[in-house]
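Everything on this sheet refers to the single structure shown next.
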Amino acid sequence: MANIVSIQTIANHVGEEVTIQGWLYAKTGKGKIQFLQVRDGTGIMQAVLFKPNLPPEIFEAGKRITQESAIIVTGTVKQNERAPGVPGGYEIDTTDLQVVQVAEEYPITPKEHGVEFLLENRHLWIRSRLQWAVLRVRATVMRACRDWLDTHGYLEMSTPILTPAAGEGTSTLFEVDYFGDTVYLAQTGQLYNEANIYSFGKVYCFGPTFRAEKSKTRRHMTEFWMLEPEMAYCDLDGLMAMEEEFISYVVQRCLEERASELEVLERDTTMLQNVTPPFPRISYDDAVDRILKIRAETDDPELKELLAIEWGQDFGSPHETELTKQFDRPIFVYGFPTAAKAFYMEPWPNRPEVCKSVDMLAPEGYGEITGGSERISDPNLLLKRIHEENLPEEAFKWYLDLRRYGSVPHSGFGLGIERTVAWICGIHHVRETNPFPRTLGRVYP
RNA sequence: UCCUCGGUAGCUCAACGGCAGAGCGGGCGGCUGUUAACCGCUAGGUUGUAGGUUCGAAUCCUACCCGAGGAGCCA
C-alpha cells in the first residue's frame with residue numbers, strides 16, 4: 001500500500017503512487033479495460049484497470065466488484081481530461097486493488113428514482129453525488145456562520161431544548177413527558193438569549209428547533225436547525241446592518257470553498273455573487289403597494305388570485321416570490337403589522353399598529369430566510385402586550401425581570417439553516433439539505 | 001384539517017373490462033477509453049389492504065392504509 005491520500009487533494013499528487021480508501025460509486029468497462037468511479041467521502045475519481053498491466057486475479061476482482069463495494073485502490077495518479085469526477089480530470093492507473101467487502105445488490109442505481117423511494121433509503125441516498133454536494137455545502141454554511149460570529153464578538157450560548165411552557169402562544173409544540181409533567185421541545189432559544197445578552201453582550205445559539213405544525217410544503221420540516229444571534233444595545237437599523245454583513249460573508253465563503261460542489265449541483269452562481277451589502281430595505285407598507293401593483297399588471301388569473309392581499313396580512317409564499325423577483329440580491333422587509341407578529345416586538349414610534357420587525361427574503365423564489373426584530377425593552381409595555389395576547393404572566397416572570405435590571409434596546413433574529421442551504425445550492429426542497437429530514441409523515445430512517 | 005395526484009418486477013413506468021409487459025438494475029457471455037457505455041442470453045409478480053359489481057377486475061364501485069404536491073397554519 002502506498003501513501004493514503006484523499007481525493008480532494010489529488011491534484012497535488014500527479015505522478016505519485018497513492019492509495020485511495022473508499023467505495024465503488026459506478027463501474028463501466030470494455031473487455032480488457034475497466035473504469036471504476038471511486039468515492040472516498042472527499043470526492044469521486046476514476047481508477048482504470050488495464051488487463052495487460054495487471055495480475056489476472058486483480059483484473060478479475062475488478063470485474064466482479066459491485067456498486068458500493070468497499071475497496072482500496074493503489075496506483076499512479078495521472079492527469080487525463082477524459083476522466084470524470086469531483087474534481088474531474090484525474091485518474092489512477094491501477095496497480096493493486098483490495099476488496100474489503102463486496103456489497104450486496106445496491107438499491108439506488110444510476111437511473112432515476114422517485115422521491116418516496118429515495119426518502120425511504122435516505123441512509124443510502126446521502127452517498128449519491130448531488131446529496132453529497134448539498135450536505136458538504138451545508139457543513140460550510142454552518143462553519144461560516146460560526147466563524148463570522150466568533151470573530152465579531154459573539155459568544156455561543158446553549159439554550160434549552162426542553163422548555164416549560166408554550167413560550168409564544170400560537171404555535172403547536174411537541175409535548176414530552178417529563179417525570180409526569182408536560183414539557184415541550186423548543187421552537188426558539190430567543191427568550192433565553194435575551195437573558196444571555198445581559199451577561200455577555202452579544203450571543204448566539206445554534207441547534208435544532210421543533211414545530212408540530214402540519215405544514216406540508218417544500219419549505220417546512222418538523223425538525224430544523226436555527227441560528228439565533230441576539231445583541232444588546234442594538235436597534236432595528238443596527239440589526240439590518242449586521243444581518244447583511246453576516247449573510248454576505250456566509251454566501252461568499254461558500255462560493256470560495258464549495259465551488260466544486262456548486263458545479264456538481266449545476267448552480268448558476270451569478271445571483272450569489274451579487275450578495276454584498278447593502279441590501280434593499282423595503283417597508284411593509286411599500287411591499288404591499290408593490291405586490292398590489294404586480295397583481296394589477298399581471299394577465300395570469302391564477303397569479304392574480306394568489307397575490308390578493310390587504311394591509312395587515314402576513315405574506316404568503318407567492319407574495320415573497322413576486323416581490324423578490326424585482327431585486328438582484330436579498331432584501332429586507334421591515335415594519336410588519338403588530339397583529340401579525342409576536343408579542344415582544346418593539347412598536348414603531350407613534351405608529352403602534354406597526355412593529356420594528358424585519359424579515360430577510362432571499363431572491364430566486366426562496367423567500368424568508370431570517371426573521372428578527374428589535375425587542376420591547378420597557379417592562380410596562382411588555383406586560384401590557386402579554387396581557388393583550390392572553391399569555392400567562394407567571395410563565396414570563398423571569399422574562400419580565402430582564403426589563404427591570406438594566407434594560408436596554410436589543411435586537412436579534414433567527415436564520416433557518418435548511419432554507420439558506422436550499423437557496424445557496426439552488427435546490428427545490430429543504431428536506432434535501434438535512435441528512436435525515438423530519439417531515440410531516442416521515443421519521444424513518 | 002381540506003384539495004389534487006399516485007401505489008403493478010429491486011427501480012422507473014406501460015397495460016385502463018379479456019394471456020401481467022418494457023427499459024434499467026441483477027446473473028452468464030462478448031468487447032482496449034468508458035462518462036446513465038454497447039451487444040446477446042437469462043432469472044425475476046399476493047398489481048397497497050379489505051369487501052363489492054361482473055362469465056371475467058391491475059382496470060369499475062365502496063371503505064381503509066401509505067406516500068407525494070399544494071392550501072390552511074408557520075415566534
Side-chain angles (χ1 to χ4, degrees), chain A residues 25-37 44-54 59 63-64 66-68 78 80-85 88-89 91 93 103-121 124-125 128-129 163 166-173 184 186-191 193-194 209-222 224 226 228 302 305-306 314-318 320 336 340-345 355 357 359 367-368 370-373 375 389 391 412-414 416 419 428-429 431 439-442 444:
Chain A
Y25 188 64
K27 184 181 69 167
T28 182
K30 202 172 177 183
K32 296 193 174 61
I33 191 165
Q34 295 284 325
F35 301 99
L36 313 184
Q37 307 308 320
I44 305 175
M45 75 176 300
Q46 177 159 279
V48 183
L49 276 67
F50 188 45
K51 194 171 183 179
N53 296 351
L54 284 166
F59 187 78
K63 280 180 79 170
R64 305 199 89 79
T66 53
Q67 188 185 353
E68 286 305 318
K78 293 183 172 171
N80 189 327
E81 62 184 20
R82 289 176 295 185
E91 64 185 20
D93 187 3
E104 293 176 29
E105 188 180 334
Y106 191 67
I108 301 179
T109 67
K111 289 281 179 175
E112 47 187 276
H113 298 283
V115 173
E116 182 178 355
F117 173 78
L118 290 169
L119 287 172
E120 193 71 14
N121 289 284
L124 305 176
W125 189 22
S128 297
R129 214 166 55 108
T163 56
E168 300 172 18
T170 57
S171 288
T172 318
L173 301 164
Y184 304 89
Q187 60 171 345
T188 174
Q190 178 205 315
L191 275 61
N193 269 346
E194 288 186 62
T209 186
F210 305 90
R211 290 196 184 163
E213 286 134 13
K214 302 210 167 181
S215 298
K216 269 186 71 138
T217 80
R218 63 171 166 271
R219 297 153 49 78
H220 289 91
M221 295 195 294
T222 51
F224 62 97
M226 188 155 67
E228 295 179 278
E302 197 181 338
E305 176 66 29
L306 285 170
D314 211 345
F315 298 145
S317 174
E320 291 180 354
F336 285 87
K341 289 288 178 183
F343 72 94
Y344 51 69
M345 295 187 182
C355 63
S357 53
D359 285 357
E368 181 183 344
T370 81
S373 64
R375 327 300 192 186
E389 300 282 329
L391 295 167
F413 70 96
R419 287 183 182 181
H428 180 69
H429 201 301
R431 66 185 163 212
T439 52
L440 183 67
R442 183 177 293 282
Y444 177 91

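So you know, we letter chains A, B, ... as the sequences are listed, proteins then strands, and number each from 1. Every value quoted in this text rests on a predicted model; they were computed, and no experiment measured them.
The interatomic distance linking Phe35(A) (CZ) with U34(B) (C1') rounds to 4 Å, in whole Å. As a whole-Å value, the separation of Met45(A) CE from G33(B) C1' is 15 Å. Whole-Å rounding puts the Gln46(A) CD to A36(B) P distance at 11 Å. Rounded to whole Å, the distance from CG on Leu440(A) to C1' on A68(B) is 12 Å. Residue Leu49(A) contributes atom CG, which lies 17 Å from atom P of U34(B) at whole-angstrom precision. Computed from coordinates, the Arg431(A) CZ to G67(B) P distance equals 13 Å when rounded to whole Å. The CZ atom of Arg419(A) sits 13 Å away from the P atom of C74(B) (whole-angstrom rounding). Going from atom CZ of Arg82(A) over to atom C1' of A37(B) covers 15 Å, rounded to whole Å.
The separation of U49(B) from G7(B), taken at their P atoms, amounts to 13 Å, rounded to a whole angstrom. Spacing between A50(B) and U12(B) at atom P, rounded to whole Å, works out to 23 Å. Comparing G6(B) with G48(B), their P atoms are spaced 13 Å from each other, to the whole Å. For the C1' atoms, the distance linking G27(B) with A20(B) amounts to 23 Å, nearest Å. Look at the P atom in both A43(B) and A22(B): the space between them is 11 Å, to the nearest Å. Comparing the P positions of G45(B) and C39(B) gives a spacing of 26 Å, expressed to the nearest Å. Across U4(B) and U62(B), the matching P atoms stand 13 Å from one another, rounded to whole Å. Separating the C1' atom of C31(B) from that of A37(B) is a span of 11 Å, rounded to the nearest Å.
Listed here is the closest heavy atom pair of Met221(A) and Thr439(A): CG-CG2, 4.1 Å.
The listed nucleotides are G33(B), A75(B), G25(B); the one nearest the side chain of Asn80(A) is G33(B). Relative to the side chain of Val48(A), the nucleotides G33(B), U1(B), G69(B) differ in distance, and G33(B) lies closest. Side-chain proximity of Gln37(A) to U34(B), A68(B), G25(B): nearest is U34(B). Listed nucleotides: U35(B), C74(B), U32(B). Nearest to the side chain of Glu213(A): C74(B). Nearest to the side-chain atoms of Thr217(A) among the listed nucleotides G70(B), A75(B), G33(B) stands G70(B). Candidate nucleotides C74(B), C31(B), A68(B) were compared by shortest atom distance to the side chain of His220(A), and C74(B) ranks first. Taking every side-chain heavy atom of Tyr344(A) into account, A75(B) is the closest of A68(B), A75(B), C31(B). Across U12(B), U35(B), U32(B), the shortest atom-to-atom separation from the side chain of Phe117(A) is found for U12(B). Considering only the side chain of Thr28(A), A37(B) comes nearest among G26(B), A37(B), A75(B).
Counting atom types as modelled, Lys216(A) pairs a side-chain N or O with a base atom of A68(B) as donor and acceptor under 3.5 Å. The base of U34(B) does not come close enough to the side chain of Gln34(A) for any donor and acceptor atom to sit less than 3.5 Å apart. For a distance-only test at 3.5 Å, the side chain of His113(A) fails to qualify as a donor-acceptor partner of the base of C11(B). At a cut-off of 3.5 angstrom, the base of G33(B) holds at least one donor-acceptor pair with the side chain of Glu91(A). Residue-to-nucleotide contacts include no donor-acceptor pair under 3.5 Å from the side chain of Thr109(A) to the base of C11(B).
Residue contacts for Met226(A): at a heavy-atom cut-off of 4.0 Å it reaches a base atom on one of the strands shown. If you check every strand for non-hydrogen atoms under 4.0 Å, Arg64(A) touches sugar and phosphate atoms only. Counting non-hydrogen atoms under 4.0 angstrom, Glu120(A) reaches nothing in the nucleic acid. Within 4.0 Å of Arg218(A), counting heavy atoms only, lie sugar-phosphate atoms of the nucleic acid but no base atom. Base contact: Gly29(A) has a heavy atom under 4.0 Å from a base atom. Across all strands shown, Arg375(A) has no heavy atoms under 4.0 Å from either base or sugar-phosphate atoms. Using a 4.0 Å heavy-atom cutoff across all strands shown, Asp314(A) reaches no nucleic acid atom at all.
As the counterpart of U12(B), A22(B) is assigned, both hydrogen-bonding distances of the Watson-Crick or G-U wobble pattern falling under 3.5 Å. Of the nucleotides present, C3(B) is the one that pairs with G69(B) by Watson-Crick or G-U wobble criteria, both distances under 3.5 Å. Base pairing analysis places C38(B) opposite G30(B); the two distances defining the Watson-Crick or G-U wobble pair are each below 3.5 Å. Remark: U54(B) base-pairs with no nucleotide in the shown strands. Criterion, Watson-Crick or G-U wobble with two distances under 3.5 Å. As the counterpart of A63(B), U49(B) is assigned, both hydrogen-bonding distances of the Watson-Crick or G-U wobble pattern falling under 3.5 Å.
At a threshold of 4.5 Å between non-hydrogen side-chain atoms, the residues Val48(A) and Ile33(A) count as touching.
A side-chain N or O of Glu228(A) and one of Thr188(A) form a donor-acceptor pair less than 3.5 Å apart. A donor and an acceptor atom, one from each side chain of Gln190(A) and Tyr344(A), are located under 3.5 Å apart. Under 3.5 Å, the side chains of Gln46(A) and Gln37(A) contain a donor-acceptor pair of N or O atoms. Side-chain atoms of Arg375(A) and Ser373(A) form a donor-acceptor pair, as typed in the model, at a separation below 3.5 Å.
More than 12 heavy atoms of other residues, nucleotides or ligands lie within 6.0 Å of NZ in Lys341(A), so this atom counts as buried by the packing criterion.
Each of Thr209(A) and Tyr106(A) was matched to the nucleotide of RNA chain B holding its nearest heavy atom; the match closer to the 5' end belongs to Tyr106(A). Ranked by how close their nearest RNA chain B nucleotide is to the 5' end, Pro52(A) and Lys27(A) are led by Pro52(A).
Comment: Arg82(A) does not engage Glu91(A) in a salt bridge, judged by the lack of any side-chain N to carboxylate O separation of less than 4.0 angstrom. Ion pairing of Arg219(A) with Glu320(A) is present here, as a side-chain N (NZ or NE/NH1/NH2) and a carboxylate O approach within less than 4.0 Å.
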